[in-house]
Amino acid sequence: MLLAGVSRRIPAGSEGRSPRSVAKLTKRSEDYSQWYLDIVTRAEMADYAPVKGCMVIRPWGYAIWERMQRALDDMFKATGHVNCYFPLLIPQSFLQKEAEHVEGFAPECAVVTRGGDKELEEPLVIRPTSETIIWAMYKKWIQSWRDLPLLYNQWANVVRWEMRTRLFLRTAEFLWQEGHTAHAGQQEAVEEAERMLGVYRRFAEDWMAMPVLAGRKSEGQKFPGAVTTYTIEALMQDGKALQAGTSHYLGQNFARAFDVQFQNRDGQLEYVYATSWGVSTRLVGALVMSHSDDAGLVLPPRLAPLEVVIVPIPKAGADNAAIEQAAYRLAEPLEGKVRIRVDDRDNVSPGWKFNEWELKGVPVRIELGPKDLQKGQAVVVRRDTGQKMPMSQDAAAFEVPRLLEEIQSSLFAKAKARLEANCRSADSYDGFKKVVERDGGFVLAPWCGSRECEGRIGDETKATIRLISDEAEECPACMLCGKGPARRVPFAVSY
RNA sequence: CGGGGCGUAGCGCAGCCUGGUUAGCGCGUGUGGUUUGGGACCACAAGGUCGCGGGUUCGAAUCCCGCCGCCCCGACCA
């Protein structure tokens with residue numbers, strides 16, 4: 001019989017589903033890129049849509065995104081932001097008002113030219129980002145310093161017509177959040193941009209268990225229209241860097257473009273200071289590539305749609321009803337505390353279930369068979385290490401929440417160790433090229449700050465400057481041009 | 001846009017070169033039964049515009065022409 005409160009349902013993505021393919025995943029060592037795609041598709045996180053470059057986010061992938069959204073949204077609210085929604089379609093002329101912005105985004109805009117059966121008077125751009133339409137509206141809402149700051153965020157989809165796409169990492173349409181704030185002072189706006197980068201960093205570390213480097217982007221890699229772009233950069237298991245979140249101090253660029261002025265305390269008109277900041281469904285891809293292994297996805301418990309799955313193991317001649325009942329009894333005290341389900345499907349074998357839940361990255365599995373029942377125990381298995389821990393059923397109830405926390409911090413520790421092990425230094429350009437080629441990862445090397453050197457290094461090695469840190473070590477000479485002063489900045493081949 | 005590969009059942013493929021019964025195999029799917037501690041087994045069954053359009057031919061998945069789409073690798077990017 002069912003115990004009260006414990007759902008029988010296998011959650012989104014596997015609702016009483018039958019088995020499908022049994023093909024093995026591509027191994028990381030064989031083809032990293034294919035390994036990634038295998039996990040994303042086989043774990044049923046996403047699938048290719050009929051339109052090139054577009055993807056369907058399936059329930060298992062979307063559930064991860066929902067958990068990310070919730071955590072981030074709470075953090076945004078805790079820092080004083082409110083949610084709102086601006087429209088998908090933007091008059092093309094809006095994009096053109098900010099010179100760098102239009103230059104940056106025009107090449108990748110999808111444009112609507114027809115409505116119904118009529119040609120539109122002015123083409124409408126499907127938002128690649130919303131600064132322009134938001135600042136057009138801010139003009140209406142801001143008159144005085146008393147109207148400021150405006151701390152707005154929206155959860156939305158955007159479209160960027162990319163040449164080359166990859167599930168989650170780069171798709172023509174993606175989901176994200178974009179914060180857009182307006183401030184009465186430069187200092188305050190800069191602080192906001194830095195604060196939100198801090199939020200992203202904390203989210204990456206505390207929720208995704210993904211350590212990051214944080215800093216500013218070089219002039220050449222700034223967001224189109226930004227004065228300063230801040231970034232967090234993560235390191236994937238193949239040694240490539242991934243930009244995981246950005247925050248921009250926009251200065252008065254958009255306020256000027258849209259003529260948004262406010263009267264300051266002294267009664268003078270002044271352009272409003274702006275920031276914007278965003279993270280996207282790319283984070284789901286980052287998550288996959290941070291922790292997963294050759295058996296499939298490995299999820300940090302805090303973002304796992306399902307944290308614990310209990311697999312009852314029936315046996316001929318055993319009291320299988322009792323086994324299943326014990327499984328539900330085991331789950332009951334944990335319901336509400338952790339996301340837990342009993343996988344009582346009878347059309348697949350326990351072995352199948354083990355593999356499937358490992359593929360899907362569920363952090364903890366509890367096996368419960370006749371032998372366990374006799375001993376009053378259950379076998380608790382960690383997804384991240386594979387470690388099997390027999391423990392009494394009573395102990396499991398209070399051990400499991402602790403174990404989940406342990407897994408969360410252990411994933412972070414492991415990823416951090418990997419990041420640190422993959423931060424190397426080079427002083428000469430020859431040495432730099434060697435390290436980039438042989439080891440990958442972040443390579444810290446002296447750079448004079450010129451766009452020319454940055455560009456040439458990028459062209460010749462594929463490694464780009466990921467960020468510039470305030471604590472960057474000063475060096476006498478750039479590794480390329482030999483001029484000084486230079487700073488030591490992390491380069492990496494990136495996604 | 002350049003280079004490479006592919007398009008035949010839900011998935012993975014064979015067949016094509018050398019045209020010819022009713023287009024095949026594995027996995028999966030449905031039903032019934034036995035099973036279940038690391039991807040179980042038996043029986044029966046369902047499932048196909050051979051990417052699209054044209055041509056050659058008595059006859060085309062197969063040969064010819066055109067088109068479309070997708071994937072992978074490069075140039076733009078969260």
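The sequence lines fix the lettering, A, B, ..., with proteins before strands; numbering per chain opens at 1. All values derive from a computational prediction rather than experimental measurement.
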Asks: Just grab all the side chain to side chain donor-acceptor pair (under 3.5 Å) pairs involving residues 283-295 of chain A, residues at least two apart or on different chains.
Replies: A/Arg28-A/Asp294, A/Asp293-A/Arg383

Asks: Taking a pair as Watson-Crick or G-U wobble with both distances under 3.5 Å, which nucleotide is matched to B/G7?
Replies: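 The base-pairing partner of B/G7, which may sit in any strand shown, is B/C68.
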
Asks: Assign A/Gln243 to base, sugar-phosphate, or nothing according to its heavy-atom contacts below 4.0 angstrom with the strands shown.
Replies: sugar-phosphate

Asks: Nearest whole Å is fine: how far is B/A78 P from A/Phe105 CZ?
Replies: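 Distance check: A/Phe105 CZ to B/A78 P gives 7 Å.
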
Asks: Please give the nucleotide sitting opposite B/A43 as a Watson-Crick or G-U wobble pair, both distances under 3.5 Å, or none.
Replies: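 When the pairing criteria are applied, B/U31 turns out to be the nucleotide that pairs with B/A43.
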
Asks: Pick base, sugar-phosphate or nothing for A/Val311, based on heavy-atom distances below 4.0 Å to the nucleic acid.
Replies: nothing

Asks: What is the distance, rounded to the nearest whole Å, between atom CZ of A/Arg345 and atom C1' of B/G39?
Replies: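 Taking atom C1' of B/G39 as the reference, CZ of A/Arg345 is at 12 Å.
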
Asks: Could you check which nucleotide pairs with B/C58 in any of the strands shown, counting Watson-Crick or G-U wobble with both distances under 3.5 Å?
Replies: B/G20

Asks: For RNA chain B, which residues of residues 151-171 of chain A approach it to below 4.0 angstrom with any heavy atom?
Replies: A/Arg160, A/Glu162, A/Met163, A/Arg164, A/Leu169, A/Arg170, A/Thr171

Asks: Suppose we call a contact any N or O donor and acceptor under 3.5 Å apart; does that hold for the side chain of A/Lys388 and the base of B/G38?
Replies: yes

Asks: Need one value for A/Gly278: base, sugar-phosphate or nothing, where a base atom within 4.0 Å counts as base even if backbone is also close, heavy atoms only.
Replies: nothing

Asks: Compare side-chain N and O positions of A/Lys462 against OP1 and OP2 of B/G74 and report whether any pair is under 4.0 Å apart.
Replies: no

Asks: Ion pair present between A/Glu358 and A/Arg365, side-chain N to carboxylate O less than 4.0 angstrom?
Replies: yes

Asks: Both A/Ala49 and A/Gly245 contact RNA chain B. Which one's nearest nucleotide lies toward the 5' end?
Replies: A/Ala49

Asks: Picking from B/A78, B/U35, B/G38, which would you name as closest to the side chain of A/Ser280?
Replies: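 Nearest to the side-chain atoms of A/Ser280, counting from C-beta on, is B/A78.
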
Asks: Tell me which of A/Glu173 and A/Val381 sits closer to the 5' end of RNA chain B, going by the nucleotide each one is nearest to.
Replies: A/Val381

Asks: Can you pull out every salt bridge (Lys or Arg N to Asp or Glu O under 4.0 Å) where at least one residue sits in residues 222-234 of chain A? Sequence neighbours excluded, please.
Replies: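 Every pair satisfying salt bridge (Lys or Arg N to Asp or Glu O under 4.0 Å) with a residue in residues 222-234 of chain A: A/Lys217-A/Glu233, A/Glu219-A/Lys222, A/Glu233-A/Arg466.
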
Asks: Is the shortest side-chain N/O distance from A/Ser33 to OP1 or OP2 of B/C73 below 4.0 Å?
Replies: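 So the side-chain polar atoms of A/Ser33 do come within 4.0 Å of the phosphate oxygens OP1 or OP2 of B/C73, strictly under.
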
Asks: Assign A/Lys353 to base, sugar-phosphate, or nothing according to its heavy-atom contacts below 4.0 angstrom with the strands shown.
Replies: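 It contacts nothing in the nucleic acid.
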
Asks: In whole angstroms, how far is the P atom of B/G38 from the CZ atom of A/Arg382?
Replies: 21 Å

Asks: A/Asp346 near the nucleic acid: base, sugar-phosphate alone, or nothing, with a heavy-atom cut-off under 4.0 Å?
Replies: base

Asks: Give the nucleotide from the list B/G38, B/G37, B/C76 with an atom nearest to the side chain of A/Glu108.
Replies: B/C76

Asks: Measuring to OP1 and OP2 of B/A40, would you say a side-chain N or O of A/Ser349 lies under 4.0 angstrom away?
Replies: yes

Asks: Does any nucleotide pair with B/G74 by Watson-Crick or G-U wobble geometry, both distances under 3.5 Å, and what is it?
Replies: B/C1

Asks: Any N or O donor-acceptor pair linking the side chain of A/Glu358 to the base of B/G38 at under 3.5 Å?
Replies: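 By the distance-only test, yes, there is a pair.
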
Asks: Round to a whole Å and report the spacing from NZ of A/Lys222 to P of B/A78.
Replies: 14 Å

Asks: Once you apply a heavy-atom cut-off of 4.0 Å, does A/Pro350 come out as touching a base, just sugar-phosphate, or nothing?
Replies: base

Asks: Which part of the nucleic acid, if any, lies within contact of A/Tyr48, taking any heavy atom under 4.0 Å across all strands shown: a base, the sugar-phosphate backbone alone, or nothing?
Replies: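 The answer is sugar-phosphate, as A/Tyr48 gets under 4.0 Å only of primed atoms, P, OP1 or OP2.
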
Asks: Round to the nearest Å and state the distance from A/Leu25 atom CG to B/G12 atom P.
Replies: 15 Å

